[in-house]
Amino acid sequence: MTDTASRELPLQEIDEVIIRFAGDSGDGMQLTGDQFTSISAALGNDLSTLPEFPAEIRAPQGTLAGVSAFQVRISDFVITTPGDAPTVLVAMNPAALKAQLHNLAQGGALILNTDAFNDRNLEKAGYSANPLDDGTLDDYRSYPVPMSQITRDAVAEHGVKPRDAERSKNFFALGLISWMYTRPVEPTLEFINTKFRGREQVINANTAAFKAGYNFGETAEIFEAHYEVKPAPLAPGEYTNVNGNTALAWGCVVAGQLARLPVFLGSYPITPASDILHEMSLKKNFGVRTFQAEDEIAAAASAVGAAFGGALAFTSTSGPGLALKGETLSLAVSLELPMVVLDIQRGGPSTGLPTKPEQADLMMAMYGRHSESPLPVVAPRSPADCFDIAIEASRIALKYRTPVIVLSDGYLANSSEPWLLPDVDELPDIGVDFATGFNGTNEDGDGIFLPYLRDPDTLARPWAIPGTPGLMHRVGGIEKEDGTGNISYEPENHQLMIDLRQAKVDGVDVPDVEVAGDADADLVVLGWGSTWGAIDAAAGRLRDDGHRVAHVHLRHLNPLPANLGEVLRRYRAVVCPEMNKGQLCDLVRAKYLIDVEHIGKIDGVPFTTGEVASAVRQRLEELAGS
Amino acid sequence: MTDTSITPTTQPGDWASDQEVRWCPGCGDYSILTAMRMLMPSLGTEPHNTVFVSGIGCAARFPYYMNSYGVHGIHGRAPAIATGLAMARPDLDVWVIGGDGDMLSIGGNHLIHALRRNVKIKVLLFNNQIYGLTKGQFSPTSEVGKVTKSSPMGSLDAPFNPLAVALGAEASFVARTHDMDRQHMMDTFRRAHEHDGAAFVEVFQNCNVFNDGAFEGITKKQNRDANLIPLAHGEPIRFGADGEFGVIDESGCARVVHTADVSTDELLTHDETKHDPSTAFMLARLARGPFEPTPIGVFRAVRRSEYAMASTRQLAAAQEKQGTADIAQLLRSRGTWYV
């Protein structure tokens, strides 16, 4: 704390800011970013976040491999992405600067912890000269701040050892940024008190560091202004801030309530899906049973068993796990039992990039099982949409007695946005009835139960759960006779069952697609899943530049919406940005014989608005010229 | 161990499904099926509260022949499917049926984990020491040197001892029986049923097509006295037509002796409730194969927290602490703000 009188700095109003906090993975950058996000949400800004962390838990300190970052964009207008390039980079050490500088917008602000720029750290980051004074940063506005030293001084009076004192420097950074963007201090002080309850020394140290950072901005005379981002015109109502994995987990929990069924989750820990297991494990008071299985196969198999017993069953995983679950899913297809698979896609093949997103499991979700093994596939388009997609997947699974795959990804999983809470009473009823009595007769006219007698509308078979008197029956993976479910190797029956299973999935009730943007444009951008935000923002940017662009975004990938072919045919060009080598393009081309043009990117980083806009712009210009 | 307090509400015939049994004529599976159907009425359960779960293999067809609920799953995964079912429905009587290939090879992992968790499933492993349904390859319990279609010069694989595997996996109930003794099977299955936790029963089962007579050396009537060692809780372990043989603990190894050569108190007294599994392990490994004295019966039956009930207790505790389901509260649990 300093007693220097505060200066009167101009307060500039800006419409948005994109801040990236970067430091060592032990520096608390995720916590810092999260807290800045929370304060901004409470102020009414629209926001979107993008955490980025290494796959290693604690990579060697000070190295490029150990850099952890958190990007948050706050705005006074509605946004759908965390922004392309940060306009402010907070770098806690040389490695963070080296790893992140290329992301920073030209002329962007650099807030640097100069204390960390010693010879040892510079060498670890691979700098041969100190970037603070060799001209590397000439294109940016640099604000050198001796964060470690000021933090140590500030916390000294609280009896914290110098070694531990420096651990509070993330709160110094948070304090400084809070001052720069005129965020209130009280919510963070409350947060510190709650987060570290019972650890007085930690509370005192972090509080002191935070205040020191705030005061530094006010008094240090190195900043020429501070800024204000006014609230965004969001729809009125009550909001919370969720990331995709939390929303997905809540959606699964709530789906059980809406179906009046106990929820079961069989899961094996895997990045980036583990947080779903963690979150659902906290919801035991909802009757949610979570089972950490011995492997991915057992996780899926336990869900099949729970579904047979009458639970709403889930299994959560990522690509490598989905590959392992393939045989079990084909069993679920054959048993025609409801269950939902949550695949949080990550970079591959093999172990690939565990913490980075990709959309390359689409074909595996569609076809990654032996023989003809169709099942519905859905994909959320934003973090908050993960909640709705969990309910939608459960609805389809229950109504049609089928496994359903949800394709989220590592971007949606960890990215967060404000979510206008739904009216609980308006949530759909997705309950179904168990079979309780006979549905057929034998030759003697006695009542019998036919486990594969289908509902003529949905083609779903009855769900008779153990414990129901009189309805004892056996299900299995061997081909079964239509109606009775008895083992059958008859050729005609197999053809019939193959056709029925396909017809059931083809007949799933899927809403028609709606065209966003300029319905009468020459070009439509087709997307699915997490690219929605970037495509939506890119279309907006192009429209601002006088172009006309339509946008169709798929939440249902199998079956595809009935009007999709007709809609796409209205356009001279269909382009499809995907984080893969063209998997949706191939599906749509094969089904509709429409020449969908692929815009690909598989570098472990989500599409930026600029990338989509420039690819689409190029195609628009070609169209205009032809 | 017969419970006389139960009045049967079903007959053995009520437990037979309408499906034609399709095992090879003479297969040992028939006698196991008969024992199970005959046992069921006396257990006090009903067909509609009973589920048989299986994987793949000859044994795995078992559920189709019982008039209960049943799941014929995929190769090796029956213990995992059954675990999910038993967790979701602790009220059910869940049996898992599989062979040595199904449960010790492709499904070995699921078996050991189901046993260590002690989830209330009754696992019957039909051990015939051969792959039957795939027509005669060596299995994980086949002896070294076994000549089969896939091992024309003799198998190089050292076999698993199923009971030792189960004991190593901390199974709380471990037993062995064989397909030539219906009463012994029924008694053993009953004990498994009564056990509050995971029960593992190895059933020596003859595959008369691909491995005929594998257990004849011990299960054939004239060989039983000499080569089957019936385990009885609290009794000294002795066998032979006149009890002329016994088992002693010789420096941590079980060894067969002539009872005439030792004093009675030198004989091992069988204690299935002993928490330390060392003695059970030693007994499980007494015979090198089904050609010398082999213990049968219940090796181990100890009390340990049952998994599904423990899970249910956690749900109750969470409701006590956090209150029952409230969607509105859940959605607000991370803090909210108004616009």
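Chain letters run A, B, ... following the sequence lines, proteins first, then strands; residues in each count from 1.
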task = Go through the atoms of A:E327 and report whether side chain, backbone, both or neither lie under 4.5 Å from a heavy atom of chain B.
result = both
inquiry  = Please verify the inter-ring angle class for A:F291 with B:Y307; under 30° counts as parallel, over 60° as perpendicular, anything in between as tilted.
reply    = perpendicular
Portion of A:A311 that has a non-hydrogen atom of chain B nearer than 4.5 angstrom = side chain
Sub-4.5 Å side-chain heavy-atom contact between B:E20 and A:N486 = no
ask   = Can you check whether A:A298's main-chain N or O pairs, donor with acceptor, with A:D295's side chain at less than 3.5 Å?
value = yes
remark   = Interface check, chain B: of A:P236, A:A42, A:A41, A:G44, most non-hydrogen pairs under 4.5 Å belong to A:A41
key: CD (B:Q11) with more than 12 external heavy atoms under 6.0 Å   = no
query = For the residue pair B:Y69 and A:F308, does the interplanar ring angle fall in the parallel (under 30°), tilted (30 to 60°) or perpendicular (over 60°) class?
reply = perpendicular
request  = Tell me, for A:P418 versus chain B, whether the close heavy atoms (under 4.5 Å) come from the side chain, the backbone, both or neither.
outcome  = both
inquiry  = So A:M339 and A:L329, do their side chains get closer than 4.5 Å, heavy atoms only?
reply    = yes
message = Taking side chain as everything from C-beta outward and backbone as N, CA, C, O, which of these in A:V424 sits under 4.5 Å from a heavy atom of chain B? Side chain, backbone, both or neither.
response = side chain
Proximity breakdown for A:N241 and chain B, heavy-atom pairs closer than 4.5 Å = both
key: Under 4.5 Å from any heavy atom of chain B - which part of A:V253   = side chain
task = Answer with side chain, backbone, both or neither: which region of A:L234 has an atom nearer than 4.5 Å to a non-hydrogen atom of chain B?
result = both
key: Toward chain B, the part of A:L43 with a non-hydrogen atom under 4.5 Å   = neither
Considering all heavy atoms, the nearest B:F200-B:L163 contact = CE2-CD2, 3.8 Å
request  = Could you look at A:P466 and say if it's the side chain, the backbone, both or neither that has a heavy atom under 4.5 Å from chain B?
outcome  = both
query = Does any heavy atom of chain B fall under 4.5 Å from the side chain of A:S334, the backbone, both, or neither of them?
reply = neither
